[in-house]
Amino acid sequence: MPEQNNVTHSLAHTKWNCKYHVVFAPKYRRKVFYEEKRQDIRDIIRTLCAWKGVEIIEGEVFPDHIHLLLSIPPKISVSSFMGYLKGKSSLQIFQKYGNMKFAYRNREFWCKGYYVDTVGKNTRAIKEYISNQLKQDKEADQLSIFDPRDPFTGGK
């Protein structure tokens, strides 16, 4: 794979290098992406990106959100692509997992918004952040002490 900092793509009359860091989550930030669902959502997102000509440079599916480092052509706006990605993926998720439509009213799987940031020359730093965040989250969970007592019962 070539170094992503200097890769320039071309359209008919345009040379471009547009990379975006995108984060979005399911409604109510529910933790729904485990085991086979994690693999399925990864495949769905890869397929939808390929259909639009969007390259996934780096991506990670966490239990309650998704990080993507995307190379989106300038002929597609980020907001229209995200509307397409979230809309089509939710339809495919509800088609594959029919029982999930009862947990999400009106077939709205994703939260309304998303986070997007232009990457610029920091491609390597963003790739490392996305790939290492899951490991850092697991390490932080191991450091926290779980107290099974209910703090609201008034017990000592």
Side-chain angles (χ1 to χ4, degrees), residues 1-98 100-101 103-104 107-144:
M1 176 182 245
E3 181 61 37
Q4 291 293 332
N5 284 339
N6 298 323
V7 173
T8 304
H9 305 281
S10 65
L11 294 170
H13 302 284
T14 309
K15 297 281 188 191
W16 60 275
N17 184 9
C18 304
K19 293 186 210 91
Y20 302 95
H21 177 212
V22 179
V23 181
F24 55 102
K27 203 151 188 92
Y28 315 117
R29 196 77 184 230
R30 290 190 173 142
K31 296 184 179 191
V32 293
F33 302 128
Y34 290 106
E35 291 140 17
E36 78 277 351
K37 286 183 186 172
R38 186 171 189 233
Q39 296 298 324
D40 290 340
I41 191 65
R42 181 180 295 158
D43 294 340
I44 288 170
I45 289 174
R46 280 183 184 161
T47 304
L48 293 173
C49 286
W51 287 350
K52 285 286 188 178
V54 172
E55 179 187 0
I56 300 175
I57 299 168
E58 187 76 30
E60 188 68 49
V61 178
F62 294 95
D64 63 342
H65 66 284
I66 295 176
H67 278 273
L68 295 173
L69 180 58
L70 301 173
S71 178
I72 302 175
K75 65 181 181 180
I76 304 172
S77 71
V78 178
S79 62
S80 68
F81 175 73
M82 287 307 296
Y84 160 81
L85 183 67
K86 289 167 65 175
K88 294 295 183 188
S89 65
S90 68
L91 291 175
Q92 291 183 8
I93 288 168
F94 286 131
Q95 186 175 13
K96 187 162 183 85
Y97 299 101
M100 288 181 69
K101 66 179 103 170
Y104 298 91
R107 291 186 175 231
E108 295 174 0
F109 183 75
W110 300 108
C111 288
K112 287 187 186 224
Y114 58 90
Y115 170 80
V116 64
D117 188 13
T118 55
V119 174
K121 300 295 181 189
N122 300 327
T123 305
R124 185 177 299 132
I126 299 295
K127 283 174 67 173
E128 289 174 8
Y129 169 74
I130 291 172
S131 62
N132 293 331
Q133 188 184 9
L134 187 60
K135 184 175 78 170
Q136 291 172 355
D137 287 348
K138 286 182 181 178
E139 289 172 356
D141 285 345
Q142 290 175 355
L143 290 176
S144 65

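Every value quoted in this text rests on a predicted model; they were computed, and no experiment measured them.
Shown here for Gly59 and Ile130, the closest heavy-atom pair between the two residues is C-CG2, 4.1 Å. Across all non-hydrogen atoms, the minimal contact from Pro26 to Asp64 is CD-O, 3.2 Å.
Between Tyr34 and Pro63 the shortest side-chain heavy-atom distance falls below 4.5 Å. Side-chain contact between Val116 and Met82 is absent, with no heavy atoms from C-beta onward closer than 4.5 Å. No side-chain heavy atom of Leu85 sits less than 4.5 Å from a side-chain heavy atom of Lys52. Using a 4.5 Å cut-off on side-chain heavy atoms (C-beta onward), Lys127 and His21 make no contact. For the pair Leu48 and Gln92, the minimum side-chain heavy-atom distance is below 4.5 Å. With a 4.5 Å cut-off on side-chain heavy atoms, Phe81 and Leu70 count as touching. For the pair Thr118 and Tyr20, the minimum side-chain heavy-atom distance is below 4.5 Å. Side-chain atoms of Glu36 and Tyr97, non-hydrogen and from C-beta on, do get closer than 4.5 Å to each other.
Partners of Lys15 under the side chain to side chain contact (heavy atoms under 4.5 Å, CB included) rule, at least two apart in sequence or in another chain, are Thr8, Ser10. By the side chain to side chain contact (heavy atoms under 4.5 Å, CB included) test, Lys96 pairs with Asp40, sequence neighbours left out. Under the side chain to side chain contact (heavy atoms under 4.5 Å, CB included) criterion, Ser77 pairs with Ser79, Ser80, sequence neighbours left out.
Distance CD1/Ile56 to CZ/Arg46: 7.0 Å, rounded to 0.5 Å. To the nearest 0.5 Å, atom CD1 of residue Ile93 and atom CD1 of residue Ile45 are 7.5 Å apart. Once rounded to the nearest 0.5 Å, the distance linking CG of Leu68 with CZ of Arg42 reads 10.5 Å. Taking CH2 of Trp110 as the start and CD1 of Ile66 as the end, the distance is 3.5 Å to the nearest 0.5 Å. His65 contributes atom NE2, which lies 10.0 Å from atom NZ of Lys31 (distance to the nearest 0.5 angstrom). With rounding to the nearest 0.5 angstrom, the NZ atom of Lys19 is 12.0 Å from the CD1 atom of Ile72.
Surrounding NZ of Lys88 are at most 12 heavy atoms belonging to other residues, nucleotides or ligands under 6.0 Å away.
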